Amino acid sequence: MSNQANSPVRVRFAPSPTGYLHIGGARTALFNYLFARKHQGVFVLRIEDTDRGRSTPEAVKAILDGLRFLGLDWDEGPEKGGEYGPYFQSERIASYNRYIDQLLARGRAYRCFCSKERVDRLREEQKARKERMHYDRKCRGLEAGEADRRAGAGEPHVVRFAVPEGRTVVHDHIRGDVVFEHQEIDDFIIQRADRTCIYNFAVVGDDTEMKITHVIRGEDHLSNTPKQILLFRALDLTVPEYAHIPLILGPGREKLSKRHGAVSVTEYQEKGYLPEAMVNFLARLGWSYDDKQEIFSMEELIEKFSLEGISKSGAMYDLKKLNHLGAHYIRKRGLEEIVELAIPHLVRGGLLHEGEALSGRPRLVRMVALEKDRIEHLSQLADKLCFYFQELKGLEAPAVKQLQSRPDMLEKLGRYAEALAARFDERDPKVMEAATRQFAEAQKMELKDIAQAARAALTGRTVTPPLFDVMAVLGKEACLRRLKEVRKLLG
RNA sequence: GACCCCAUCGUCUAGUCAGGCCUAGGACAUCGGGUUUUCAUCCCGGUAACAGGGGUUCAAAUCCCCUUGGGGUCACCA
């Protein structure tokens, strides 16, 4: 394989901007980033936008935003520049025609004048005969002089690579040696009729000029690799090292697609998953360190990452696990930070208006404090906190059931409200707790019975943070009113 | 269809390269219990896997072969 042990590590993430940054791409980017940081190398971002039809500026933005959100800052690339730019493939492919000429001159590539129609027909026939679909190399035998003359005369043609006899071995850091017989490889097109070059060729040019030492990419590129190696060799260029990482699968082990729910980083970002949760989740999807550690900070990942730790088989992504990590990292963050991050979600949820957050801040902090350890992502807050902001419009079914658990429950709540009226302190939940315990004892009720009923009346739910904490934040006035008027909601 | 890759609990995986320490470990999920005003946290415990078949060997989850299953690639897309 190549001998680049002495060159500084340079890796790249090379997405094509045809949509959002999806989970799989994000993980590929992460692995590249980790590898670069681990080896004090350089992480290059290159946008492969040569498919003019499908590439969009919006997609470029989505990719950059997604990477930024995850904290995968690139050293060279869009908005950053660098020594080996430009970093948009569309701006560099023109310069690759000299490589094409070199190949032509060496007889390693040839002009093919076959029409698309003829090639299509060929393919149809081969398909009908159940043969391997190959270009028949008709133009390979053309004399170079004649080919040049016809090309010079303006006859439309493409350039094909003349695949030699033999075999190519891909030395893959994850898969070991993978052998491809050249008979299986078509004389593939490297330059289109419009003189622009094809992906497999552009990659070779780009990776060479950007001095990429390690290509870490999805396994879907494995069968492209021998073609690229062939090109590197024909051009006397250094072949980079390879690591093809397994794909991420959807439930059912099919290829992950939009049908499987949120697959773009943006969607998770909007739901309010913390970036460190996403990073930890992505990292452990197809990579492991040992049989002990599941929680990794970015710093630890950089320290502990290795290509050897990447597994060979495809990984199904599991939302449950993401949720677990999401909850973990929210608990781990500071309260003030979470409040800050939560505000946009509360605004979007209609609980706050821009600007309102400031005046109500102390109370908001108390609310978030109660929910912080109970959520997996920030947008859950909008639902969890709504009963503080809005009058109850109804009760959840279990809450109704709770209130009807005994015939005199509403009456009890009325009395409870009176008992509470005398002893309520919005700064100290213990006061309400003491009052409630006393009330329960006097009424010969279990604490939990009156507490659960009160919870239902106050919040419309049976599941909330500790009741007396909720009361303190909800406030005396609202608490008493809701306890007395819950009858109206039962209709 | 051809070529290539892959195969341990439901899921992510450790163990496989250097065969015995594996009556296969952890995490998520799930089930049960403890703490508790509900939930969450926390603690304790349970269910659950080496795809199948042949070899090699004193010994195989680990090595070899076959089968099966899954995935990827076969464009003037990237």
Side-chain angles (χ1 to χ4, degrees), chain A residues 14-18 48-51 53-55 89 112 116 119-120 123 127 130-134 156-160 170 172 174-176 178-181 183-186 188-194 196-200 202-203 218-226 244 246-247 249 251-255 281 284-295 308-309 311-325 327 331 370-375 398-399 402 433 436-437 440 446-456 459 461-468 470:
Chain A
S16 44
T18 54
E48 308 215 323
D49 59 345
T50 45
D51 185 348
R54 296 194 301 152
S55 301
Q89 195 168 59
C112 169
K116 191 152 195 319
V119 176
D120 285 345
R123 213 174 278 143
K127 193 175 177 182
K130 297 195 169 190
E131 285 173 15
R132 213 148 24 87
M133 288 181 276
H134 262 188
H157 65 279
V158 298
V159 176
R160 287 180 184 273
V170 178
D172 191 276
I174 295 167
R175 276 147 226 293
V178 184
V179 181
F180 292 87
E181 299 293 338
Q183 311 157 14
E184 301 297 335
I185 303 173
D186 205 359
F188 55 98
I189 294 174
I190 54 179
Q191 187 189 58
R192 301 185 183 92
D194 68 0
T196 60
C197 63
I198 288 306
Y199 166 76
N200 275 317
V203 179
E219 193 187 359
D220 48 343
H221 287 281
L222 185 56
S223 9
N224 276 325
T225 308
H244 287 92
L247 270 17
L249 283 7
R253 306 214 144 259
E254 331 92 278
K255 196 175 181 181
F281 173 67
R284 280 289 288 107
L285 208 50
W287 174 85
S288 63
Y289 178 64
D290 58 18
D291 62 344
K292 304 215 170 359
Q293 190 170 2
E294 295 286 341
I295 301 294
E308 288 65 45
S311 57
K312 294 183 167 95
S313 50
M316 255 168 73
Y317 91 123
D318 179 12
L319 239 189
K320 298 265 184 59
K321 194 148 187 177
L322 205 213
N323 282 335
H324 173 256
L325 290 168
R331 279 184 221 116
L370 294 180
E371 295 293 355
K372 181 171 167 284
D373 293 356
R374 296 176 163 77
I375 54 171
Q402 184 66 242
E433 178 171 356
T436 306
R437 286 187 187 280
E446 292 284 331
L447 176 66
K448 61 185 286 192
D449 291 331
I450 189 65
Q452 276 302 82
R455 190 192 311 280
T459 68
R461 310 175 174 193
T462 53
V463 175
T464 75
L467 179 63
F468 307 113
V470 170

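Numbers restart at 1 for each chain; the letters A, B, ... are given by sequence-line order, proteins then strands. The figures here come from the full heavy-atom set of this structure, side chains too, leaving out hydrogens, waters and symmetry mates. From a predicted model like this one, the values you see are computed outputs, not experimental measurements.
Comparing B:C6, B:G25, B:U13 by their closest approach to the side chain of A:Lys312 singles out B:C6. Checked against B:C5, B:G25, B:U37, the side chain of A:Ala451 finds its nearest nucleotide in B:U37. When each of B:C5, B:G72, B:U37 is scored by its nearest atom to the side-chain atoms of A:Val178, the top-ranked nucleotide is B:C5. Taking only side-chain atoms of A:Thr464, from C-beta outward, the nucleotide of B:U41, B:U38, B:G10 with the closest atom is B:U38. Here B:A78 is the nucleotide among B:C5, B:A78, B:C39 with the atom lying nearest to any side-chain atom of A:Glu48. Of the candidate nucleotides B:A27, B:U73, B:A78, B:A78 has the atom nearest to the side chain of A:Ser16. For A:Arg437, the listed nucleotide lying nearest its side chain is B:U37; candidates were B:U73, B:C4, B:U37. Here B:C6 is the nucleotide among B:A78, B:C6, B:U37 with the atom lying nearest to any side-chain atom of A:Ser313. Listed nucleotides B:A78, B:U11, B:C6 differ in distance to A:Asp318; the shortest reach to its side chain belongs to B:U11. Nearest to the side-chain atoms of A:Arg123 among the listed nucleotides B:C28, B:C5, B:A75 stands B:A75.
A donor-acceptor pair shorter than 3.5 Å can be found between the side chains of A:Thr196 and A:Arg192.
Taking atom CD of residue A:Glu371 and atom P of nucleotide B:U38, one finds them 16 Å apart after rounding to whole Å. In this structure, the CG atom of A:Asp290 is 13 Å from the P atom of B:U16, given to the nearest Å. Regarding A:Leu249, its CG atom lies at a distance of 7 Å from the C1' atom of B:G71, rounded to whole Å. In this structure, the CD atom of A:Gln183 is 15 Å from the P atom of B:A2, given to the nearest Å. The CG-P distance, from A:Leu370 to B:U41, rounds to 16 Å in whole Å. What separates CG of A:Leu222 from C1' of B:A78 is a distance of 16 Å, to the nearest Å. At whole-Å resolution of the value, CZ in A:Phe468 and C1' in B:C39 are 15 Å apart. Rounded to an integer number of Å, the gap from CE of A:Met316 to P of B:G72 is 14 Å.
The line from CD of A:Glu371 to CZ of A:Arg374 is 6.5 Å long, rounded to the nearest 0.5 Å.
In this structure, A:Arg54 reaches the bases: a heavy-atom distance under 4.0 Å links it to at least one base atom across the strands shown. The residue A:Glu184 sits close only to the backbone: its heavy atoms come under 4.0 Å of sugar-phosphate atoms, none of a base. If you check every strand for non-hydrogen atoms under 4.0 Å, A:Asp49 touches nothing. Across all strands shown, A:Ala193 has heavy atoms under 4.0 Å from base atoms, whether or not it also approaches the sugar-phosphate. The residue A:Gln402 sits apart from the nucleic acid: no heavy atom pair falls under 4.0 Å. Counting non-hydrogen atoms under 4.0 angstrom, A:Ser311 reaches the backbone sugars and phosphates but no base. A:Thr462 comes within 4.0 angstrom of a base, heavy atoms only. A:Pro246 comes within 4.0 angstrom of no nucleic acid atom, judged by non-hydrogen atoms across all strands. Nucleic acid contact for A:Leu467: base, since at least one base atom lies under 4.0 Å from a heavy atom of the residue. At a threshold of 4.0 angstrom between heavy atoms, the contacts of A:His244 with the nucleic acid are absent. Residue-level contact check: A:Lys448 touches the backbone only, with heavy atoms under 4.0 Å from sugar-phosphate atoms and none from bases. Within the 4.0 angstrom heavy-atom criterion, no nucleotide atom of any strand lies near A:Gly218. Residue A:Arg160 is classed as having no contact, given no heavy-atom separation below 4.0 Å to the nucleic acid. Using a 4.0 Å heavy-atom distance criterion, A:Thr50 is classed as a sugar-phosphate-only contact.
Dense packing is recorded around CD of A:Gln293, with more than 12 heavy atoms of other residues, nucleotides or ligands lying under 6.0 Å away.
A close approach under 4.0 Å does not occur between any side-chain nitrogen or oxygen of A:Ser223 and OP1 or OP2 of B:C4. A close approach under 4.0 Å does occur between a side-chain nitrogen or oxygen of A:Arg192 and OP1 or OP2 of B:A78.
For B:C5, the base has no donor-acceptor partner in the side chain of A:Arg175 [N/O atoms by modelled type, under 3.5 angstrom]. Checked by distance alone, A:Glu294 brings a side-chain donor or acceptor within 3.5 Å of a matching partner on the base of B:G26.
Using atom C1' as the reference point in both B:A61 and B:G71, the two lie 22 Å apart (nearest Å). Between B:G1 and B:C17, the distance separating the two C1' atoms is 34 Å to the nearest Å.
Between A:Ile174 and A:Leu285, the one whose closest nucleotide on RNA chain B sits nearer the 5' end is A:Ile174. Mapping A:Lys292 and A:Asp194 onto RNA chain B by nearest heavy atom places A:Lys292 at the nucleotide closer to the 5' end.
A:Gln89 pairs in a side-chain hydrogen bond (donor to acceptor under 3.5 Å, both in side chains) with only one of the listed residues (A:Thr50, A:Asp49, A:Asp51), which is A:Thr50.
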